[in-house]
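Values below: every heavy atom of this structure, side chains too, minus hydrogens, waters and symmetry copies. To find a chain, count down the sequence lines: A is the first, B the second, and so on, and within it residues start at 1. These figures come from a predicted structure and were not determined experimentally.
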Amino acid sequence: MPPLLQVENLRTYFHTPRGIAKAVDGVSFQVEQGKTLAIVGESGCGKSITALSLLQLVPEPAGYIEGGRILFEGRDLLDLTWDQMRRVRGDDIAMIFQEPMTSLNPTFTIGYQLVEAMTMHGKFTGAQARQRAKDLLARVGLQDPAQALRQYPHELSGGMRQRVMIAIALSNEPKLLIADEPTTALDVTVQAQILALIRDLQREQNMGVLLITHDLGIVAETSEEVAVMYAGQIVEYGPTSAIFHEPRHPYARGLFASLPARGRRGQDLATLEGIVPPPTAWPPACRFEPRCAYRWDTCAQVPPKYHPADSDRPVRCHLYDPEIADRPARGAAPIAKEPVAPDPTVEAAR
Amino acid sequence: MLRYVLRRILYAVPILVGVALLTFVLFYASASPQSLARRNLSTRNPTQEQIQQWLKDHGYDKPLSVQFKNHVTGLLVFRFGKSDATGEPIWNRIKQGAGPSGLVASLVFLTGLTAAISFAVAVAYFRGTYVDYFGTFLCVLLMSIVFIVYVIGLQYLLGKILKYGPIAGFQTGIAAWKFVLLPVVIGVLAGLGSETRLFRTFLLDEINQDYVRTARAKGVGERAVLLRHVLKNALIPIITSTVAAIPALILGSLVLENFFGIPGLGSYLIDAINSQDFAVVRAMVYLGSILYIVGLILTDIAYALVDPRVRLE
Amino acid sequence: MGRFFQSDLFYNLVPLLVTAALIFVVVRARRQPLWAEAYRRIGRNKIALTALGVICLYGFVALLDSIGSTDPKTQTRRTLLDRVFEKEKEKTYSAPGARMTTGEPIPSPLKAPGTHLLGTDGVGDDVLYRTLKGCRTAFIIGGLTSLIATPLALCLGLLAGYFGRRTDDAVQYTYTVLSSVPSILLLIALILVLGRGLLQICLALGITRWVGLCRLTRGETLKHRDRDYVRAARALGVSNARILARHILPNLLPVVIISVTLGFSGLILSEAILSYLGVGVGAEIGSWGNMIDAARDELARDPVIWWNLTSAATALFVLVLAFNIFGDALRDAVDPRLRSS
Ligand SMILES: Nc1ncnc2c1ncn2[C@@H]1O[C@H](COP(=O)(O)OP(=O)(O)O)[C@@H](O)[C@H]1O
Ligand SMILES: [Mg+2]
């Protein structure tokens, strides 16, 4: 059986005044039914654009999907017509966004927006949808569902709004839920509740979940697999436990280095030195090279392969590429600064 | 709601006093009554008595402070006095003219608003395509043509070349449509460019909001997104901007009524301008301000009706 | 001294100085980083450059019509434009390029047959010449009004926004009252009182126009007043006048310049409308509004006199269009946040 979602070499570009921005540049991953894949990375790495590309909701007209395949239950979503794709959205694949404060239409009631999501796909009649709306609101934990149906978004708190968003997303029992930083804008206590809710619902409905976050604590608790994303590419991909235990890519090491205890929630990414360069100005070879503590001459000249160092843990780094011969010898000092993680050469040799 | 409206009306009083003051300073303090009298008396060389009599009739003989008091209190209770030129009570003419003017202006307003919103939605639907570029450019073209050229040009086109019905005049009742149609078409056309362009930017502002993405992610089709989600939100700035249409409507009724011989307030004012009838102009300025302030209040109420976040407290 | 203000020298100096000042400012502004970027963006925008070219062309005609000398024989001032384009007066209307007059029961031959490229008007003046004469009026109305309204709006807006309290109340009250009189009515009233004439119209337009800009200035000043750099300056004991002039005003300039440019086309259109309503610049001054106004009767004639209306309306349309396009481009170039699309 094919995986629920299989993305192959997805590329999403933007036309900008400064040239073409390759916001997502050759991303591949897969999500199994009932399982969670987390995508982590700093702001501006292309996580949200990846997620929007799956639903073909990339901001137009600047953004466009340049190429790749998005296989959902075996069929390529990029081959669908506009209207077929519309029917996939919200029905087979649903999405929750980062900004609960602005993601609901301020001029319609909660009830209207919830019912609209259901009647849109013809699965429920108006009356059924209204009943189900009430049930859903109760299920996501709103105190007074009947009243909430009549309320407008501005009358609810951020956490409540995110619950409503979850109710909308789950209203058609989707097979895949994309959650783009669903808790970033919320208080820490509310974050835990929302995550627990998503996890419970995932179990109930056996959904696949694509969770985007830059909170590593969340990753450890919720996901089976992790993809670390940097500058539009996945730089490391593998089982959560393995990556947590031993991050390989220098970028991943930087991220995880600051995590002293597993599962520390509410913890943002470690502060790596420097920032993600804008997509129009990405370094030609290794995109992490200017910030990398382990770099050497080759890193600025040869783009690293997304090299399966071992089959279930590909890493995009010369350190793990057996074909790269000029790797500095063991003990050679890194150019920029002392490595914080285990010595790379030792690992490469293993 | 009622409380809110009352309070708004109360706030309007100082503004109206200000307007009354302004008109007083403009007209009373800057033109000498003597010259007014001379200009408005029909005889070539009026005697001093005639002038005195005229001043007395029109209340220009009292001391300035008394005149001021009379002026302000008169305006506040809609006592406009007599026309300088004809001696006719101004209020009578206003009552007669309000009907035709109101008919034309409200038709222009409603049709224009509907047309502009429809075009804006259409242009926004095709955003980023050549339809959009062409439409926007067309709007700029329309904006760059003077009102009067529309009037003269269309009247020529329809009347002379297409031999379309009566060109000037007015009738009350249902028969009015024949006389009103052309002025309304021209009035709508004249404002279409700038309104469509403005509304388009409102719509495009909304299209980039997060909730639109949510609606699309729910599977709502593009047309429903635009007509339901985006339009309802864009109506908020659209409504706020419609007060700005009032001055344009007034200008429209001035030009159109005069041109098409519709016996409304606009024609009255033009006649007053031509005969330098200060009393009438004064009254119209004041009336225009009241209209504008009422428009503002109505806008606020409409605003509260569309936007659930606003409550009239 | 009084002689000087009436002399040809003075009349020629003013437009030349204004032009020179404008060119100086435009060239100097390029050194500022913000404007340098804007220049670059406009430089890439072909349509905006074309519009700018059209505006400059009109401006050049207006300048030609502002420089001249007094003819010793007739004791009337003749501008360069007059010298080049003025033609002998015909009897009455004649079609473009015609050899005979139009509109008379029996057409009579023209004095200068075939030379009136755009025909002649009712009193026999060359329409091309009249149309070109309108440029100067348009630029004076746009420019002088902006010169009246902008400083007034800036001063009051800055004061109201910066000092708040009473000053703010007074300024706000003033412009609320002024803005609650629909502008066309206020204009009519002002012109009736002030009398007709170019200067009076500019003054009246200025009085109705400053309100919008003042509101804008006040709002922007309020925003800047509480910024850190202003607080820091105040804490350092910098005088209010200096803070306003050195710190706040420069930040407002882009917004003000955009708004003035965008307002220019509206001002030029106003002239035509006012002329039509009978409160225009007056018949002795050549203006497009007067020409369009005359066309009301001309289109009803048989044969139709269309050239007068067409020439004036086209001249007006092209200039207003150019200002609209250039204003939009300027706004987009200076402040991408205000972008219209
Ligand atoms: N509408 C847009 N136009 C141009 N570039 C964009 C647009 N939206 C996003 N990008 C670019 O795509 C990159 C990835 O953005 P995003 O996916 O939102 O990052 P994140 O990982 O923080 O979610 C960003 O660097 C941004 O510059
Ligand atoms: Mg994001």
- Query: Given that the side chain runs from C-beta out, which part of B:I15 has a heavy atom under 4.5 Å from chain C: side chain, backbone, both or neither?
  - Reply: both

- Query: Is the side chain of C:T167 donor-acceptor paired with the backbone N or O of C:A160 at a distance under 3.5 Å, no angle test?
  - Reply: no

- Task: Keeping the roles fixed (side chain from B:S253, backbone from B:S101), state whether a donor-acceptor pair exists under 3.5 Å.
- Result: no

- Query: Which residues from residues 306-322 of chain C are near chain B, with near meaning under 4.5 Å between non-hydrogen atoms?
  - Reply: C:L309, C:A313, C:L316, C:F317, C:V320, C:L321

- Query: What pair of heavy atoms forms the shortest contact from C:P182 to B:I250, and how long is it?
  - Reply: CG-CD1, 3.5 Å

- Pair count under 4.5 Å, heavy atoms only, with chain C: among B:V149, B:L198, B:V255, B:I246, highest is B:V255

- Sort out for me which of B:I145, B:T23, B:V243, B:L21 touches chain C most, counting heavy-atom pairs under 4.5 Å. B:I145

- Just checking, is any N or O donor in the side chain of B:S267 or B:N258 under 3.5 Å from an acceptor N or O on the other one? no

- Note on the structure: Assert top hit (heavy-atom pairs under 4.5 Å, partner chain B, pool C:G278, C:G289, C:A189, C:A272) equals C:A189

- Message: Suppose a student defines contact as a heavy atom less than 4.5 Å from any heavy atom of chain C. Which residues in residues 134-143 of chain B would they list?
- Response: B:F137, B:V140, B:L141, B:M143

- Does C:S179 reach the side chain of C:R215, with side-chain heavy atoms less than 4.5 Å apart? yes

- Note on the structure: When the 4.5 angstrom heavy-atom criterion is applied to C:S270 and chain B, the contacting part is neither

- Note on the structure: Sequence neighbours excluded, the answer for ring pair (Phe, Tyr, Trp, His ring centres under 6.0 Å) partners of C:F264 is C:F323

- Message: Can you confirm whether the side chains of C:N324 and C:S265 place a donor and an acceptor under 3.5 Å from each other?
- Response: yes

- Geometric class of the B:F202/B:F199 ring pair [parallel <30°, tilted 30-60°, perpendicular >60°]: parallel

- Item | Distance, nearest 0.5 Å, that separates CG of B:L189 from OH of B:Y150 | 5.0 Å

- Who in residues 286-293 of chain B is close to chain C, using a strict under-4.5 Å heavy-atom cut-off? B:G288, B:S289, B:Y292, B:I293

- Query: Is chain B contacted by the side chain of C:L194, its backbone, both, or neither, given a heavy-atom distance below 4.5 Å?
  - Reply: neither

- Message: For chain B, which candidate among C:L190, C:V279, C:L178, C:L277 shows the most heavy-atom pairs at distances under 4.5 Å?
- Response: C:L277

- Part of C:L185 within contact of chain B (heavy atom distance under 4.5 Å): both

- Query: Taking NZ, NE, NH1 and NH2 as the nitrogens, is one of them in B:R197 or C:D328 under 4.0 Å from a carboxylate oxygen of the other?
  - Reply: yes

- Item | Residue selection (most heavy-atom pairs with chain C, distance under 4.5 Å) from B:V17, B:V281, B:I152 | B:I152

- Query: Hey, are the side chains of B:L256 and B:I186 touching, using non-hydrogen atoms and a 4.5 Å cut-off?
  - Reply: yes

- So, does C:R41 use its side chain to make a donor-acceptor pair with the main chain of C:A333 at under 3.5 Å? yes

- Query: Are C:L203 and C:L199 side-chain neighbours, meaning at least one heavy-atom pair lies under 4.5 Å?
  - Reply: no

- Carefully, step by step, assess B:Y268 and B:E257 under the rule side chain to side chain contact (heavy atoms under 4.5 Å, CB included). CA-CA 9 Å; B:Y268 188 34; B:E257 288 175 16; over 6 Å; no

- For the residue pair C:W288 and C:C135, what are the closest heavy atoms and their distance? CZ2-N, 3.6 Å

- When only pairs under 4.5 Å are counted, which of B:L251, B:V285, B:I148, B:L22 shares the most heavy-atom pairs with chain C? B:I148

- How far apart are the closest heavy atoms of C:G206 and C:A149, and which atoms are they? O-CB, 3.7 Å

- Query: Do C:S287 and C:E271 have side-chain N/O donor and acceptor atoms under 3.5 Å apart?
  - Reply: yes

- Message: Only pairs of heavy atoms separated by less than 4.5 Å count here; which of B:P14, B:A12, B:A248 has the most with chain C?
- Response: B:P14

- Query: So which heavy atom on C:N45 is nearest to which on C:A329, and how close?
  - Reply: ND2-CB, 3.8 Å

